[in-house]
Structure formats: C-alpha cells, structure tokens
Amino acid sequence: MTNYHQYDVVVIGAGGAGLMAALYASKNASTAVLSKLYPTRSHTGTAQGGVGAALGNIEEDHAEWHTYDTVKGSDYLGDQDAIEFMCQEAIQAVYELEHMGLPFSRTPQGKIDQRPFGGHTNNVTGKPVPRACFAADRTGHMILQTLYQQCIKNNVTFFNEFHVLDVLIENGVAAGAVAVELATGELHVFHAKSVIFATGGHGRIWEITSNAYSFTGDGVAVTLRRGIPAEDMEFFQFHPTGIYRLGILITEGVRGEGGVLINDKGERFMEHYAPKVKDLASRDVVSRAMYLEMREGRGIGGKRYLYLDMRPETVNKYAALDGRKRPDGSPYVVTGEELLHKLPDIVDFNRTYLGIDPVSQMMPVQPTAHYAMGGIPTNKLGQVVIDEQNNVLPGLYAAGEVACVSVHGANRLGTNSLLDLIVFGKYAGLEAAQYANGVAFQSLPADPTEFTRQQIDAILQADGEEKAFEIGKEMKSVMFDEVGVFRTAEGMGHALEKVRELRERLKHVRKVDRGKVFNTELLNIWELGNLLELAEVTTVSALARNESRGGHAREDYPKRDDQNWLKHTLAWMQDGEIKLGYKPVVITKYPPKERVY
Amino acid sequence: MQVTLRIFRYNPEKDKKPYYDRFQIEADPTDRVLDLLEYVKGQFDGTLSFRRSCAHGICGSDAMRINGHNRLACKILVKELSRKITIEPILGMRVVKDLIVEMEPFFDSYRKVLPYLINDETPPKKERLQSPEARLRFDDTTKCILCACCTTSCPSFWASEEYVGPAAIVTAHRFIFDSRDQAGAERLRILSDQFGVYRCHTIFNCTVACPREIQITKAIGEVKKAIAIGKIE
C-alpha cells in the first residue's frame, strides 16, 4: 500500500489541545500530528482575554471558588468531578505555560497578570475576581505560538495540510485515520494504536459567528459516521460581544477592564439583569439580556445591536459607582493609554473593520456564535466514551472544543476554553501514549480508504444545479434565527425541516472541481456536509430538551427542570436517523440551586 | 459599487503558464477582499484556490499581493483600494495553485533561529518573575502571526531565498530580548552569518507590509546592534 504511515499515536488537529497532546504523547510514544491547517493558523490563536486559573496574584482566590463558579456557570450540567480536576490542575498548567516561555503580561511584582472575567467570582463577596491570566488581548495567540515552538524544540512530527476525513475502528478499537494531502490530493492511511481528535468546534453553522472558516465540526461528524455519539449538542454558546454583522470577537476582557454594555437610552442595562456582577455575568445571561433589550426596542436606533463602551470616562464613572479598587486599595481609574496597552488588538479590529477608535467611540456589538459546549463524549482522561454507561472505546481520545468532558455543561465560562485545551490536551496525550505502549496495532481493514473514497465520489459525481455557497447561506440564516439565543418548538421545527431539505439539496450540487492539487472546492463541500449534519443533530437534541438551561433558552419552556432534564444528551446517527439517549450528570459537592448573578 | 477583480490563476494540472482572470462584481465598500474571493469562488468559479481561516487578521493564512502590496485579504477593505483590484500570490515563493504558495521554506527559516525559549535552569514552583519593563522589551515582536507578508515583500529575500528573512529575525528578536531566555548569543551567532541580518538593507518594505504593525526594521536593527556590540540590552 502506498501512502501508508505507522505511528503509535496520531493527533488530529494542531490547535492548543492537539499541540499539548502531541507534546505529551511524543515524550513516550511515536507521534504524528495531522492538521488541515498549518499549526499556527489554528483557531486557538484567536482567543483573546485569558486562561482561567486561581493563582491569586491580584486578589485572594482558590481553585475551589473556580470550581464552584464553573459548576454554576454550567447551569449544573457540568460533571463536577471533571470540573474540580480541571480547576485544580489549572494552576500548575498555567505555570507550565510560563515555563515554556509564554509571555504573559506582568504585575508590578513581576507575576502573571490577571483580570476579571464573566462569572468568575470571590465566593464570599460574590464580586468579580481577577482570575484570567492574560497576555494583552492575544492570550490564545501566545498559547498557540508557545506550544508550536515547544513542538519544534521537541521534534514533533507534523503532517501539515493533511485533512482527516475518516477514523478507522476495528474490532471496537481505534486503528487509525485516513487523510487527504491537500497539495497532491492523495489519500494517506495512518495506522495507529491511539487516535486523538482535537479538531475544534463548529460555529460555522451560524450566520453571525466568531469562528474561523475551518471550524466545520470535522471531528464530531467523522466520529458520528462511525457510530460514536455526540453529547449535549444543543448547547452552543453565543458570546455577547461580536462586532455587529461581522461577528468578530470582542473579548470579555473589555468588560473585565471596566467596559459596559449600553442600550439606545444610554442605560447600563445589565444592572437590571445581574445586579451583583452586572456586565460580568455569564455569557448566556448577558446574550439573553441583549436580545431582550433589542426586543423591547432598545437596540441602537431600534436595530439589532447595542454598544460596548470602553471609553475611559465611562469606565471610570461606573468603576466609581461600583466601588472598584486597585489591588493597593486606590480607586480604579484607567487612561486611554492603559486600555490601548492592554487591549491593542481590540483597538485594531475596530479601526480596521469599523473605522472607529474604541478609546473615544462606542463599539456596535451583537451576540455571536462562539463555542460548542457539546461534542465527542469523553471522560476526564480524554478517553472517548460511547454509551450511557460511559464505556470507553479503547484507543480513541478527544480533547479541546471538539470534546465534551463535560466541564462546560450548558454554558462555558470565559477563560475556561483555553484551560480545557491545556489540561485535557495534556491528559489525552499522556493516556494515549500509555495505552499505545501496552497494546499491539490492530489490523487494518482490507480497504481502509473505502469509506473516504465513497464520500469523495459522492460529491464528485453530483451533477445538479445547486450551489453549495447558497446552501451554506440558507443553513446559517435559519440556524441563527431559530436555533440561536432564544428557541421555540415551532421555530426549531421549521429549522429542522430546512436543514433536512438542505442536506438533500447538497447531493445535487453543480459539477465540482476534479483537480487533485488543493481541491478546496471539494473539501469545502465535504465540510458543509459536516456542518449540516451537526446542525441537524443540534436541532434534534434541542427540540427534545423541554427546558431552559445555560445556552439553551426555550421560550416555550422558560424554566430549568432538574426533575426531568438534569442529564446529558447523547445523539447517535443510525442509517441517517438521529437517535437520542441520556446519561446522568456527575454531582459531587454542589447540589443544583437557582442560578443568580 | 462595481469592482473589477483581476486574479492571478495557475493550475499546475492544466496550465503551462499563469494567466489572469477578471470578474466584475458588486461589492460593499466595507467588504474584505477575502469576502470577494469567497463570493467569486462560491458563485462563479469553484476551482479558485486560496488559503483562509480566521478571516480577521490573526491566523495569517491569507497573505496575498493586493494591488502590488502584501496584505492579508481579510484585513483590507474594498474602500481602501481602487475599483480595480489585482490579487496575486506573495512573491518569492513557488506557486502551488492560484494564490497558494509553498510555505515550507518560510517555516524552514523560522526553525533556523531556534524559535523557542531556552533556559536550562530548573524553573521555580510558580512562575518565573519578569518585570513589566522586561516584558515590554520584546512585546512588539510577540505579535507576529507568521503570515510571511514581511519576508515576501523584501527585495533582499527576492534576491536570495537563503536569506532567513524578516519574519525569522522577528521571532529571534522575541527570544533574544526575553529576560528569561539564555540562548541569545547562539541566536546572534546564527543571524550574523551571510544569510542573516546583514542582508537587511533597511528598505522598510517589511514594516509597511506587516498587518500586525510590528516595527520590523527597528527589531532587525536591534539585533544588528546586539551583534555589533556583543551585548543584549
């Protein structure tokens, strides 16, 4: 067989989770990273505000507080054993990044600087606590660069621009993956003992999104097609502050530094929705408040956006009203220069895309599809679990946004995504290598690329009139309107019908490029197929959940219902039909109670 | 508004030599050039090939030559350009297909400068301390996204592909001036050879091209100075 490779561990995806997994796996086993992008292009690089860890460098803080905040942020759907593990590990993980060379911003004492973020609180006072460890407003960029640099230092093997289209599972055990090499169009078989998915999320389902073009849900789609369920897909986070119409992320760090949301009447409306933490409530809470404001006609000029105001005079006015202090006890007062220094990219995005200067002008923002809480079900060691009893599929791992541990439950706290990457990427890598060292290679199927070729051929054989571009637009539009911040059975029913129609229409796209070299048209259509499949799974999962919890807000079921719905959704794809099941939430120390900010 | 796109095309499986395609499209002044490319690909010609991912100037995938200047297609708006927009691959690299160039040589140069923190001392239990001033010393060069806009705008690089180029020097600078790093001397030695910093003739194309507004020529100057005086300050 040509284009055959053999490694103990194959990592799919080269963002934060994939690189961390690769670093740790490669210490103990032969490891290759397959990525459809050059590693430094990965979406981790766009994360801005910080990585959460209770270092207590600015104010008193504890991993236990971080744990409780994350449980509460998850609207009690997060598995508490995994959350506790992540928040305990966080501190050492952040120090490790610093030791690797990550250029964190520094306090006057030379320690890692920290800023407040939504939902992170002092558990005694209930006030925001600075827990987000940051490098200006490019923390994700610095994590991605630092991990890639460490991979170079440690001679990790990369197959850049290799797009994985299938995972091989033999006798119920992982056996490898199949990828297309973009530069040649050739298929490659990677025979492996362990396969780690770290392919990121699927925000491109929605019209307004902060997500990269490449966030097309490849990992979840590939595993679904091989009989593995997807967990909690109805929970997708809409970040409150995307640039109006473009969806580009404006970090919550802006509000951490004192910025506030303002409606058409000039009011700081979050005071009415979250009296204690106001603009620093959880993202689901803030996004809903924004929708309610806009529904009441208080969007700016009656339109579908609000203002995010970080002008120093505004920041200082509200900081004084809130009684916010510096660590030394002096009143919190900022200058434009300080904001420019701490948030340079935010200033740059506004200048570039809107022609405004956020130090002297307000930013038009709207909620933007941002983060998948759901994904491939795993346990806290990154092992993929495939049923209601959490049975493991040996040799298969997932980490990062593609995975659902679940540490984010129904709503992720800001800064916990970068934390998730480094903690669970590390453990997935360690576990995958350890497992590989104890087992032999599974034999490969007689024709390992068969299923991949079937998928490609189906696209190449299409000879219809449909444009994939239009199908994608229609999907994004209906999903943003009907399966977005607020949902109803009627709206979602309509979306489901539409998505099913679009899946059918995708089979009849017009003739596709048949070239071998960088056939991005073919692969984009394959990716759109993934998005449509995940849109359907998301909608079916959401339609079934007759309650409101975290990022899943049902207008027809406005209350959380712990009696019936304190459980994780599992969705299987069987013969083109979606089948749902459920498994219990792990609750250790924190019994569910009402969630108020 | 109506704009005319003139796009460099080359498909190694079909074309003996490159040519230009023209597309007349209706554009919004605030559209990104990337939006126009996506539109052309989606509506008119699916074979048009280019790299892109984040679409807001952070991932560094879509460096292109737009009206003769290196830009990220996602970070330049139609209103900043004339109504005729010429889009070509960045120069000095082998064209693979259309606007996609071979990036491996660029990353080879990056790897040459030891692009990772080197410090053999056992780290403390917590973070290593670094003053805000020491951190600020190399702040600018930590912004680099490895898009190659700088290197492929440099006449010295066009003249000699062995020149490590501005991007690699920016990366080296980021470590040389990091107070936690111990391999500055080794990096200065690497950059003082014939394909190192002395290929830079302060033409400033790199600084103009950088979508992250890094003061690249200044950074290269600081590395040159450190080599000259044998001291990192």
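Below, chains carry the letters A, B, ... as their sequence lines are ordered, and counting in each starts from 1.
Interface check for chain B: of the options Arg514(A), Glu161(A), His341(A), Lys473(A), the most heavy-atom pairs under 4.5 Å are formed by Glu161(A). Per-residue heavy-atom pair counts under 4.5 Å with chain B were compared for Met142(A), Gln150(A), His43(A), and the maximum is reached by Met142(A). For the set Asp513(A), Leu354(A), Asn211(A), Asn160(A), the count of heavy-atom pairs under 4.5 angstrom toward chain B peaks at Asp513(A). Options Ser214(A), Gly140(A), Ser210(A), Gly472(A) differ in how many heavy-atom pairs under 4.5 Å they form with chain B, and the most are formed by Ser214(A). Per-residue counts of heavy-atom pairs under 4.5 Å with chain A were compared for Pro12(B), Ala134(B), Pro123(B), Ser131(B); the largest is that of Pro123(B). Highest contact tally toward chain A, considering only Glu133(B), Glu102(B), Glu213(B), Lys125(B), is held by Lys125(B) [criterion: heavy-atom pairs under 4.5 Å]. Interface summary for chain A: among Arg111(B), His56(B), Lys97(B), the most heavy-atom pairs under 4.5 angstrom belong to His56(B). Your options are Gly57(B), Ala55(B), Ser61(B), Ser49(B), and the one with the most heavy-atom pairs under 4.5 Å with chain A is Ser61(B). Most heavy-atom pairs under 4.5 Å with chain A, from the set Ile76(B), Ile118(B), Asn119(B), Asp139(B): that is Asp139(B). Listed options Cys144(B), Ser53(B), Gly42(B), Cys147(B) were ranked by heavy-atom pairs under 4.5 angstrom with chain A; first place goes to Ser53(B).
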When you look at Gln145(A) and Leu146(B), which way does the side-chain contact (heavy atoms from CB on, under 4.5 Å) test go after all the steps? CA-CA 10 Å; Gln145(A) 297 281 328; Leu146(B) 300 169; 3.9 Å; yes
Does Tyr38(A) form a side chain to side chain donor-acceptor pair (under 3.5 Å) with Glu104(B)? I'd like the steps, not just the answer. CA-CA 10 Å; Tyr38(A) 266 91; Glu104(B) 265 319 300; 2.9 Å; yes
side-chain contact (heavy atoms from CB on, under 4.5 Å) between Thr520(A) and Arg51(B), worked out: CA-CA 9 Å; Thr520(A) 51; Arg51(B) 292 189 180 101; over 6 Å; no
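With respect to the salt-bridge test (charged N to carboxylate O, under 4.0 angstrom), the residues Asp45(B) and Lys467(A) do not qualify. Salt-bridge formation is detected for the pair Arg212(B)/Asp345(A): a Lys NZ or Arg NE/NH1/NH2 atom is positioned less than 4.0 Å from an Asp or Glu carboxylate oxygen. Contact check on Asp348(A) versus Lys143(B) returns no salt bridge, with no Lys/Arg side-chain nitrogen under 4.0 Å from an Asp/Glu carboxylate oxygen.
Considering Val94(A), Asn57(A), Leu102(A) as possible partners of Glu127(B), the one that fulfils the side chain to side chain contact (heavy atoms under 4.5 Å, CB included) test is Asn57(A).
With a 6.0 Å radius and a threshold of 12 heavy atoms from other residues, nucleotides or ligands, Glu465(A) has its CD atom at or below the threshold. Within a 6.0 Å sphere centred on NZ of Lys79(B), other residues, nucleotides and ligands contribute more than 12 heavy atoms. Counting non-hydrogen atoms of neighbouring residues, nucleotides and ligands closer than 6.0 angstrom, the CD atom of Glu466(A) exceeds 12 such neighbours. Counting heavy atoms of neighbouring residues, nucleotides and ligands inside a 6.0 Å radius, atom CZ of Arg245(A) does not exceed 12 of them.
Heavy atoms of Leu114(B) lying under 4.5 Å from chain A are absent altogether. For chain B, the nearby part of Pro108(A) is the backbone; its heavy atoms alone come within less than 4.5 Å. Heavy atoms of Ile248(A) lying under 4.5 Å from chain B belong exclusively to its side chain. With a 4.5 angstrom heavy-atom cutoff, Thr146(A) does not touch chain B via any of its atoms. The part of Arg510(A) that comes within reach of chain B is its side chain, from C-beta onward, which places non-hydrogen atoms under 4.5 angstrom from that chain. Interface residue Gln109(A): only backbone heavy atoms are found under 4.5 Å from chain B. For a residue to count as touching a neighbouring chain, one of its non-hydrogen atoms must lie under 4.5 Å from one of that chain's; by this rule Asn11(B) does not touch chain A. When heavy atoms are compared at a cutoff of 4.5 Å, Asn524(A) approaches chain B solely by way of its side chain, counted from C-beta outward. Heavy atoms closer than 4.5 Å to chain B are found in both the backbone and the side chain of Tyr213(A). Both the backbone and the side chain of Lys516(A) come within contact range of chain B, with heavy atoms under 4.5 Å apart. Using a 4.5 Å cut-off between heavy atoms, Phe349(A) touches chain B through its side chain atoms alone. Heavy atoms closer than 4.5 Å to chain A are found in both the backbone and the side chain of Lys41(B).
The closest side-chain heavy-atom distance from Arg135(B) to Phe104(A) is not below 4.5 Å. By the 4.5 Å heavy-atom criterion applied to side chains, Met100(A) and Leu117(B) are not counted as neighbours. Looking only at side-chain heavy atoms (C-beta outward), Ile152(A) and Pro115(B) come within less than 4.5 Å of each other. Contact annotation: the side chain of Tyr353(A) never approaches that of Thr30(B) to less than 4.5 Å [non-hydrogen atoms, C-beta and beyond]. Proximity of Glu470(A) to Gln43(B): side-chain heavy atoms (C-beta onward) are separated by under 4.5 Å at one or more points. Arg32(B) places a side-chain heavy atom less than 4.5 Å from the side chain of Leu246(A).
Between Tyr39(B) and Phe469(A), the ring-plane angle classifies as perpendicular under the 30° and 60° cut-offs. The aromatic rings of Tyr110(B) and Tyr148(A) lie parallel to each other, their planes meeting at an angle below 30°, with 60° marking the opposite boundary.
Side-chain polar atoms of Thr142(B) and Arg138(A) form a donor-acceptor pair below 3.5 angstrom. Under the 3.5 Å distance criterion, with hydrogens and angles disregarded, no donor-acceptor pair is assigned to the side chains of Gln130(B) and Glu98(A).
Using a distance-only test at 3.5 Å, with no hydrogens or angles considered, a donor-acceptor pair links the side chain of Glu13(B) to the main chain of Val517(A). Judged by distance alone, with hydrogens and angles left aside, the side-chain atoms of His99(A) form a donor-acceptor pair with the main-chain N or O of Pro124(B) at under 3.5 Å. For the pair Arg180(B) (side chain) and Gly101(A) (backbone), a donor-acceptor distance under 3.5 Å is present.
Across all non-hydrogen atoms, the minimal contact from Ile58(B) to Gly45(A) is CG2-O, 3.2 Å. Closest of all the heavy-atom pairs between Leu129(B) and Lys111(A) is CD2-CG, 3.9 Å. The two residues Phe107(B) and Arg41(A) have their closest heavy-atom pair at CZ-NH2, 4.0 Å.
Note that OH of Tyr116(B) and NZ of Lys153(A) are 7.5 Å apart. Values are rounded to the nearest 0.5 Å. Note that the CZ atom of Arg52(B) and the CG atom of Leu37(A) stand 9.5 Å from one another [nearest 0.5 Å]. Note that the CG atom of Leu144(A) and the CD1 atom of Ile145(B) stand 11.5 Å from one another [nearest 0.5 Å].
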